Amino acid sequence: MDKKPLVHVITDALTLRDTVNAILSTGANAISANDIEEVKEVVRLSDALLLNIGTPSKNMLEAMCLAGSEANRRKIPVVLDPSGAGVSKFRTEILLKLVKHVSVNIIRGNFSEIYYLACVLLDREKELENFEAKYLKNPENIVIPKEMLQELSKKTASIIIATGKEDLISNESTTDIITGGSIYQSFINGNGCILSGLIAVALGTVKSKLEIEENNFFEIISDEAEDFEIAKQVLTAYSDAALEAEDEMLKSDINGTRTFYQFFMDKISKGL
């Protein structure tokens, strides 16, 4: 094909390699530029922008705002991953500034991150009492009502995705549940960050009307699909890939996290 989709990745140092490798495995391209001197130029070459606040800094915030504003101006889709939301006041300040200055197509985080963001943006701070003890260290205790997700979607004008034992995806009026996946995903560094990267690939591919001929992971997505349907189908494919990877791992001679990860990436790279 003439042009592969290019995803501009501004993410944390812990998951950069895994996120970029996953993007590359689909047949797309990735570039990581996080200096204010070049982010706007790089965005102009890109088909999607991924913003992940996993290792925040003031310089990174400025770079993300510049990149996001340029992406908005050029109608390039933006995915925001609020990694570590609720850990510190600094991250909260960064998130609030990003949401204020950048129009985001999709916000994807785990249950604690999305719940925290919702409570802050929807003026429900009272629900965050003892957040660290109750939820940050025990995200399985969180229950997010669909009404909260829909309200957050309306507030941010974004599709909201909360991932965990089951995944929730919501717009202003509809909330769907995606089940499946593998318990081994919780043992992978950057599992959610990788998913955010794949969603960015799908958005960039559809919005730019490109194709990834070498991989059928995204073949199920119509080139006329809206953001909600695009993200939902990526979530489903990702969950199915994880489940199939676990099955193959359990049949192999070596059963463990690294072996699962290899099978998982193979499923993504070859398509389902």
Side-chain angles (χ1 to χ4, degrees), residues 50-54 68 72 77-89 91-181 185-186 191-193 195-196 198-200 202-203 221 225-240:
L50 171 61
L51 305 177
N52 183 315
I53 68 163
N72 290 164
V78 180
V79 177
L80 173 61
D81 191 320
S83 181
V87 168
S88 67
K89 291 181 180 179
R91 285 181 196 250
T92 301
E93 292 172 1
I94 285 180
L95 275 176
L96 292 178
K97 289 179 180 177
L98 282 174
V99 171
K100 179 179 179 180
H101 289 96
V102 180
S103 295
V104 176
N105 295 68
I106 293 175
I107 301 175
R108 189 230 60 89
N110 63 31
F111 268 58
S112 67
E113 292 160 351
I114 294 300
Y115 182 76
Y116 183 87
L117 181 61
C119 288
V120 171
L121 290 179
L122 302 177
D123 298 321
R124 300 185 184 181
E125 283 88 348
K126 289 184 178 180
E127 297 182 32
L128 292 176
E129 292 180 3
N130 299 318
F131 175 77
E132 180 178 347
K134 289 169 61 179
Y135 301 130
L136 191 59
K137 295 181 179 179
N138 300 285
E140 66 276 5
N141 294 336
I142 297 177
V143 176
I144 307 179
K146 68 177 183 179
E147 293 80 11
M148 175 181 276
L149 289 174
Q150 291 171 10
E151 192 176 347
L152 179 61
S153 177
K154 183 177 181 179
K155 178 77 173 182
T156 59
S158 307
I159 304 300
I160 307 299
I161 299 174
T163 53
K165 291 183 178 179
E166 60 182 18
D167 301 329
L168 304 178
I169 178 170
S170 184
N171 58 22
E172 295 181 19
S173 59
T174 302
T175 302
D176 287 345
I177 301 174
I178 308 296
T179 59
Q185 288 175 269
S186 62
N191 174 67
C193 302
L195 174 58
S196 296
L198 296 180
I199 292 172
L203 288 177
I221 300 175
E226 299 295 331
D227 291 353
F228 182 87
E229 191 60 30
I230 293 170
K232 181 179 176 180
Q233 292 188 40
V234 173
L235 276 172
T236 301
Y238 196 66
S239 179
D240 290 345

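Note that the coordinates shown come from a computational prediction; the quantities given were computed from them, not determined experimentally.
Between Ser153 and Glu172, the shortest heavy-atom distance links the atoms OG-N, 3.4 Å. Taking each heavy atom of Glu166 and Ile177 in turn, the nearest pair found is OE1-CG2, 3.7 Å.
Looking only at side-chain heavy atoms (C-beta outward), Ile114 and Ile142 stay at 4.5 Å or farther from each other. For the pair Leu128/Val120, a side-chain contact is recorded, criterion being any heavy-atom separation below 4.5 Å from C-beta on. Residues Gln185 and Ser239 have side chains not in contact (no heavy-atom distance under 4.5 Å, counting atoms from C-beta outward).
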Pair Lys165-Ser186, side-chain contact (heavy atoms from CB on, under 4.5 Å): steps then yes or no: CA-CA 9 Å; Lys165 291 183 178 179; Ser186 62; over 6 Å; no
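Rounding to the nearest 0.5 angstrom, the gap separating the CZ atom in Phe228 from the CD atom in Gln233 is 10.5 Å. Note that CZ of Arg108 and SG of Cys193 are 6.5 Å apart. Values are rounded to the nearest 0.5 Å. Taken to the nearest 0.5 Å, the CG atom of Leu152 stands 9.0 Å off from the CD1 atom of Ile144. Here the CE-NZ distance, from Met148 to Lys146, works out to 14.5 Å after rounding to the nearest 0.5 Å. Atom OG1 in Thr174 sits 9.0 Å away from atom NZ in Lys232 (nearest 0.5 Å). Distance CG/Leu51 to CG/Leu80: 6.0 Å, rounded to 0.5 Å.
With sequence neighbours left out, the side chain to side chain contact (heavy atoms under 4.5 Å, CB included) criterion links Ser158 to Val104, Ile107, Thr156, Ile160. In this structure Asp227 satisfies the side chain to side chain donor-acceptor pair (under 3.5 Å) test together with Asn105, Lys207, sequence neighbours excluded.
Although no hydrogens or angles enter the test, the distance criterion places no donor-acceptor pair under 3.5 Å between the side chain of Thr175 and the main chain of Asn171. Gln150 places no side-chain N or O within donor-acceptor distance of the main-chain N or O of Glu147, the cut-off being under 3.5 Å.
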Counting only pairs under 3.5 Å, give me each side-chain donor-acceptor contact of residues 93-101, with atom names and distances, residues two or more places apart or in other chains.
residue, atom, partner, partner atom, Å
His101, ND1, Lys97, O, 2.9

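Between Tyr238 and the options Asp167, Asn191, Thr163, a side chain to side chain donor-acceptor pair (under 3.5 Å) holds for only Asn191.
Donor-acceptor pairing under 3.5 Å is lacking for the side chains of Ser83 and Asp81.
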